Structure formats: structure tokens, C-alpha cells
Amino acid sequence: MPELPEVEEVRRSLEPELLGVPILSVELLRGDFLTPPTAPLKKLVGHAFVRTVRHGKKLFLIADDGQTLLIHLGMSGRVDCVASDSSLAKHTHVRFALASKRDMRLRDPRRFGGAWYYQTFEAARVRELGALGPDALVVTVQHLAHWKQTRGRLKPRLLGQKDVAGLGNIYVDEALWLARLHPLQRVDRIAPERLGALVAAIRTVLEQSIRSGGTTLRDYRNVADQPGEFARQLQAYGRAGLPCLRCGGALRGVQVAGRTTVFCPVCQRRR
DNA sequence: TTAGGCCTGCAC
DNA sequence: GTGCAGGCCTAA
């Protein structure tokens, strides 16, 4: 579900609900959703989150004393902001009651996501960002210049989060389609101008999706339970067999690194 | 580099 | 019932 645009929409829609509002109580309903499971969440009571930071698909909530909660939404995670007296939805794992008489609730049926507690934001960023590449919204050609000296295929590398952070299956396919690059293109053989096209396409696709509130295929919702509207603008993802909106040829569906992949065999030539 | 595992829900 | 799903980690 959530890739960079969806996490960004969650962040933006969460801020007005959360920032500066004192936390009245914290309830961990499912211990193994939190790392470490024994983290002193109660120490957040009396404090307020005052800042949010997103890097790739990771969302940091930073309290006024530095305590930091990292949220990763995995495949089915969501953050709900609802009245504190509203009934508890199934698969709600953490509940923050706020002085506004509203709750922030972390919910995740498949539990591929989770929450991580840190005493300080610095500790969180050291631990969480160490292995991540630059955020996909600000990645540049210079960041990818070292690809010339490395092996690997384009789509798996973009999904790996180490070169660029924030792309998942949907937006990789969209960006590759826009940049006219084949998903199995060797990264060391991408011409400089094609690399520029890739970086530009990544930014374009992500910014357009953010403007639409992200992509809702089925589950994704922002904190106010609103879906994203980018699904209708998808050019490649989910369109295998349908005509390419650029050349009219049939889009092809294949498996790449075990992931469903759609591309245009005419526009996206392998070099 | 690929396959499998982690989980649940949903379409078929 | 089977197969599949937007993520990501581990092991072979």
C-alpha cells in the first residue's frame, strides 16, 4: 500500500491533529507491534509531538523532549485520527489519547509494518536512516553516479531503498514508463541523459501523486479516512495487456524480482 | 539473484 | 478452497 506519496499524505494530514497536542495516555494493544516491545511508551504521556519527518517510507514523530516514534506502514498499515470515544477498529495495535479528545491509532492487519521507539531523534535517524538512500523526492543524478561501477538491474535496485528511498512497486513502474527505461536495464549501462530522465520521472510521478493525495487501490486512506486519487492517473501499474498511453502498443506484464511488473516493450527498450 | 516467510483479507 | 497483494528481511 503505502509508498512515499501515501506516507507523505499521512504525514501532512496527521500534523494538524497531532502537533503540540499533549498526550494523555498511550496504550499498546499488541506488544509485538512495537520495537523494542518493552519501550517506555508511557514516558510520552504529558508530552506532545512537535515535529514530523519523513524519509522514504519511514515516518518519524518527534516529541517536545526528543522522544521519537518511528512508524512504518508496511503493506496494510494506517494511522487513524478519530474521536477518543469512538469504537476500536479491528487490528488497532497502538492508541494515543490526545488532549483534544481525539486519538491517534496505529492499525495494521497484516503487521508487515510496525512502530519503533527511540529516546532521541538522533538515535532514531542513526539507526533507521543508515542503510537508506536519499529520499526519492530529492535524489539527483549525482547520487546515482556510482551506478556506473556497480552491477544490478534497474527495477530491483530502485525497489531496494539503498540507492533511493521511498519507491515501491507502483511508482517504480510508473517512473520507468515515464522515463522510457526497461525494468531489467543494467544500471551500469544507463546513458547519462537517460539517468537524468529517470531522476526527473521519479520526481514528476511522486509529486503528481502527492498532489492527488496518493494512490488508493483498495485499503490506503489518510488519517481522515480519505482515499488518494492517483490511481486513475496510473499509466503502467495494473494495466498489463492494455494499450500504452504513449504508443498504443500492448503493455506487457512480467515478474521482476518476484514482483508484478508492467512496462511497454516498444517505448521501454532494453539497452 | 531468487525463493520463501511473515500476516490478513479479498477476489475468484 | 487457491492465489494474490502496495514491503522487507533472511537464507540458499
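Just so it is clear, the structure is predicted and the values come from calculations on it, not from any experiment.
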_Side chains of Arg105(A) and Thr92(A), donor plus acceptor under 3.5 Å_ = no
_Side chains of Glu3(A) and Tyr220(A): any donor to acceptor distance under 3.5 Å?_
no
Please report the distance, rounded to the nearest Å, between [atom1] in [X] and [atom2] in [N].
X	N	atom1	atom2	value
Asp219(A)	dC7(B)	CG	P	18 Å
Phe33(A)	dC7(B)	CZ	P	13 Å
Arg157(A)	dT1(B)	CZ	C1'	13 Å
Lys155(A)	dC8(C)	NZ	P	14 Å
Arg78(A)	dT8(B)	CZ	P	18 Å
Arg221(A)	dG9(B)	CZ	C1'	14 Å
Asp32(A)	dT8(B)	CG	P	10 Å
Arg153(A)	dT2(B)	CZ	P	9 Å

Answer yes or no: does a side-chain N or O of [X] lie under 4.0 Å from OP1 or OP2 of [N]?
X	N	value
Tyr237(A)	dG6(C)	yes
His72(A)	dG7(C)	no
Gln161(A)	dC8(C)	yes
Lys57(A)	dG6(C)	no

_Tell me whether Arg246(A) at atom CZ has more than 12 heavy atoms from other residues, nucleotides or ligands lying less than 6.0 Å away._
yes
*asked:* Here's a test of your reading of the structure: between Pro156(A) and His91(A), which maps to the more 5' nucleotide of DNA chain B?
replied: Pro156(A)
Just to be sure I understand the rule, does [X] reach a base, reach only the sugar-phosphate, or reach nothing, if contact means heavy atoms closer than 4.0 Å?
X	answer
Gly168(A)	sugar-phosphate
Gly152(A)	sugar-phosphate
Arg218(A)	base
Lys90(A)	sugar-phosphate

*Between Leu184(A) and Val254(A), is any pair of side-chain heavy atoms under 4.5 Å apart?*
no
*Hey, is Glu8(A) close enough to Arg11(A) for a salt bridge, meaning N to O under 4.0 Å?*
yes
*If you measure from the Lys or Arg side-chain nitrogens to the Asp or Glu carboxylate oxygens, is any gap between Asp173(A) and Arg259(A) under 4.0 Å?*
no
_Partner nucleotide, any strand, of dG5(B) [Watson-Crick/G-U, under 3.5 Å]_ = dC8(C)
_Between the base of dC6(B) and the ring of Phe112(A) - centre-to-centre under 5.5 Å, planes within under 30° - is that a stack?_
yes
*Return the nearest nucleotide to the side chain of Thr260(A); candidates are dA5(C), dT8(B), dG6(C).*
dA5(C)
*asked:* Taking only the C1' atom of each, what is the distance from dG6(C) to dT1(B) in whole angstrom?
replied: 22 Å
*May I ask you to verify whether the side chain of Arg110(A) and the base of dA5(C) hold a donor-acceptor pair under 3.5 Å?*
yes
*asked:* Any N or O donor-acceptor pair under 3.5 Å from the base of dC7(B) to the side chain of Arg111(A)?
replied: no
